[in-house]
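Inspection log for the structure reproduced underneath, given as structure tokens.
Hydrogens, waters and symmetry mates play no part in the numbers below; they use all other heavy atoms, side chains included.
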Amino acid sequence: MFELKERDGLARICELTTKHGKVTTPVLLPVINPNFLTITPGEMKSKLGVQMIITNSYIIRTTGELRRKAEESGLHELLGFDGPIMTDSGTFQDHVYGDVDVGHKEIVQFQSSIGSDIGTILDVFSEPDFTREQTEEAVRETLRRGAESVDLKGEMLLAGPVQGGVFPDLRESCAKDISALDFDVHPIGGVVPLLESYRFKDLAEVIIASKKGLNPARPVHLFGAGHPMVFPMAVLLGCDMFDSASYAKYAREERVMYSTGTKSLRDLHDLACHCPACSKTSVSELKQMPKEQRTKSIAEHNLHVLLREIKGIKNAIHEGSIWELCEMRARAHPSLLEVLRVLKKHKDFLERFEPASRRGAFFYCGPESYDRPVVARYQQRFFSRYRKPDTRVLVGFEEAQKPYSRTYEKEIRAIISKVDASFLVSSFFGPVPLELDELYPIAQSVIPSDLDEEVKRRMVEVMERHAHTHGYPLALMWEGMETLEFLDDMISSRQANRDHDLLRCRAVLDMQFGRGAGDILEGRKVDIVKSRRTGKIRNVIVDGVHVLSMRASDGRFSPRIEGGRLLKGVLQYPKMRVKVEDEPAEFAAKGNNVFAKFVIDCDPEIRPGDDVLVVNTRDELAAVGRALMNCDEMRSFKRGVAVRVKDVSD
Ligand code: GUN
Ligand code: ZN
């Protein structure tokens with residue numbers, strides 16, 4: 001019922017199936033107060049394209065007329081909405097007014113009886129200012145009620161919220177325990193006070209701790225997060241669903257939402273928006289309207305802004321620019337900027353979900369970009385996987401236009417006519433041997449030439465680490481013709497005919513699949529086919545067999561089945577493996593994709609987008625393909641493709 005379609009890190013586009021149809025996440029559910037329809041649910045669907053709404057079953061149940069109608073003709077009829085409807089339980093009313101008098105079983109049964117698509121248990125709201133003991137009690141009671149509620153859901157999907165206040169360990173353990181129950185959606189609850197006071201840093205910690213404990217195959221709803229400012233970071237951290245009452249609440253207070261913040265109508269010179277509501281009116285006309293009409297117009301605008309932000313986020317996921325979007329939005333408010341510091345702290349966790357490469361280029365948005373997981377991943381792999389060629393001299397170049405080997409072509413030719421040297425660029429990402437200059441994200445990045453001081457300092461630290469470990473007897477920076485003369489005087493021996501294409505293949509194999517993978521080319525007859533147009537490596541032929549193709553988009557190898565066989569020979573189980581049941585393995589061997597539900601085991605180092613080996617229970621190769629999920633996800637998802645099969649034996 002929840003299927004992964006596209007992703008960028010923890011951010012994902014999924015399809016959620018309900019009794020009233022499918023919705024694509026990330027999705028915004030406008031909150032409908034059944035007593036107070038600022039915009040009717042029917043209008044929301046027809047005019048604004050709203051896919052799904054949320055309302056409160058507790059309010060319906062305690063309002064005579066509404067309850068009668070809901071019990072008689074159902075929730076969808078009551079609200080005049082034929083799409084999926086989620087209901088909440090009264091927890092929030094209990095948090096605000098403290099007088100909720102309904103049993104936790106009764107309210108779940110009630111939601112099911114009126115035909116809710118997704119019901120919510122009566123969890124206990126854990127306030128951010130609760131003591132640890134109070135928070136533990138809220139978690140304990142939420143879990144107790146959760147366990148007693150799951151059997152009552154019937155046809156309805158059921159949401160089991162994560163509580164735990166601002167204690168990350170309680171959030172994580174609550175998430176683990178609530179995931180162990182048969183829930184369909186996991187809201188993160190108790191966060192409204194954090195949102196209201198712009199405590200976004202604490203909110204990010206809460207989301208991350210919750211995600212660490214949750215089953216990755218279930219949708220995550222961020223309860224009460226109705227402001228567009230927080231959407232990008234919440235999606236980046238793995239939230240799939242949002243609800244907003246604020247579009248109407250803000251409208252009543254004449255507050256106008258924008259993706260970067262909120263403005264008071266009285267401070268606005270222009271509406272600066274072209275949504276249908278705003279294109280019909282102006283600031284001065286709005287101010288003169290009767291209150292009710294003005295509220296409706298602003299509410300409609302606010303809803304447009306929220307929905308548009310979600311659409312923009314989907315585009316960012318599709319093109320692989322969710323980090324860029326977050327970093328740009330972080331400039332809108334200092335409290336959002338602080339979130340980037342939190343992301344830095346949890347880089348290792350986030351890295352597990354980071355794709356092997358992206359559609360779009362890496363865009364530098366500020367010094368915080370240096371803390372994206374891909375930068376750390378490049379450095380970590382460089383220091384642990386890359387093997388230097390067996391030359392004695394290393395010549396370093398300054399950062400320059402990419403690909404570096406093209407930019408420094410003349411210099412390289414001049415140097416290798418005199419000495420047998422290797423080359424390296426001191427880049428934003430760290431040391432980049434020229435063999436790796438086309439590998440993602442090196443070539444696929446846009447970095448300003450004049451970097452922030454903080455970044456320069458950190459780059460120097462990494463280069464110093466390299467200086468201490470590179471193992472070349474002689475290493476020097478290129479400083480023009482002087483360097484050439486110096487080398488000429490110093491070194492008499494020279495060794496021509498080093499095959500730079502072969503070095504590139506070996507280095508990319510090691511970086512992509514692990515140190516030693518490059519050995520598959522050792523002692524064999526290797527022919528390299530290059531593109532006549534771009535001069536880039538296209539295919540690698542080993543002993544007459546086409547084994548690898550290099551993707552122009554990310555400079556990584558896509559192995560053919562014979563390449564997979566060679567790699568399997570040098571990589572010990574479970575490296576690069578996705579192990580599936582024997583029958584699905586046979587199915588994969590015929591060229592069919594591998595579904596997550598058949599995966600038994602896999603290499604924990606596999607990342608989305610990695611090229612992998614599909615093997616059966618006896619570690620026999622069935623196919624090669626590209627993973628769409630990491631290991632945890634493959635083990636958890638019950639639906640959807642885990643590996644897109646690319647090649648099999650004839
Ligand atoms: N709405 C806003 N926060 C919460 C919460 O923590 N639990 C429930 N059930 N609803 C909410
Ligand atoms: Zn507008």
Item checked: Side-chain donor-acceptor contact under 3.5 Å, S126 with Q163 -> yes
Check: Using 4.0 Å as the upper bound for N to carboxylate O, is an ion pair formed by E368 and R331?
Finding: yes
Next item on the list: Please round to the nearest 0.5 Å and tell me the distance separating atom CD1 of I317 and atom CD1 of I13.
Entry: 4.5 Å
Next item on the list: Would you mind telling me which of L628, V612, I606, V594 makes a side chain to side chain contact (heavy atoms under 4.5 Å, CB included) with M634?
Entry: I606
Check: In Å and rounded to the nearest 0.5 Å, what is the OG1 to CD distance from T18 to E155?
Finding: 12.0 Å
Check: Salt bridge or not for R294 and E254, using N-O below 4.0 Å?
Finding: yes
Checklist line | Distance, nearest 0.5 Å, that separates OG1 of T281 from CE of M289 | finding: 3.5 Å
Margin query: Can you classify the ring geometry of F353 versus F349 as parallel (below 30°), tilted (30 to 60°) or perpendicular (above 60°)?
Written below: perpendicular
Checklist line | Rounded distance [0.5 Å steps], OG in S89 versus CZ in R145 | finding: 9.0 Å
Checklist line | Approximate separation, where rounding is to 0.5 Å, of K153 NZ and S149 OG | finding: 11.0 Å
Item checked: Ion pair check, E324 and R358, cut-off under 4.0 Å -> no
Checklist line | Any side-chain heavy-atom pair of E127 and H95 under 4.5 Å | finding: yes
Notebook entry, point to check: Do the rings of F2 and F637 sit parallel, tilted or perpendicular, given the 30° and 60° boundaries?
Noted result: parallel
Margin query: Minimum heavy-atom separation for C174 and P161, please, with both atom names.
Written below: SG-O, 4.5 Å
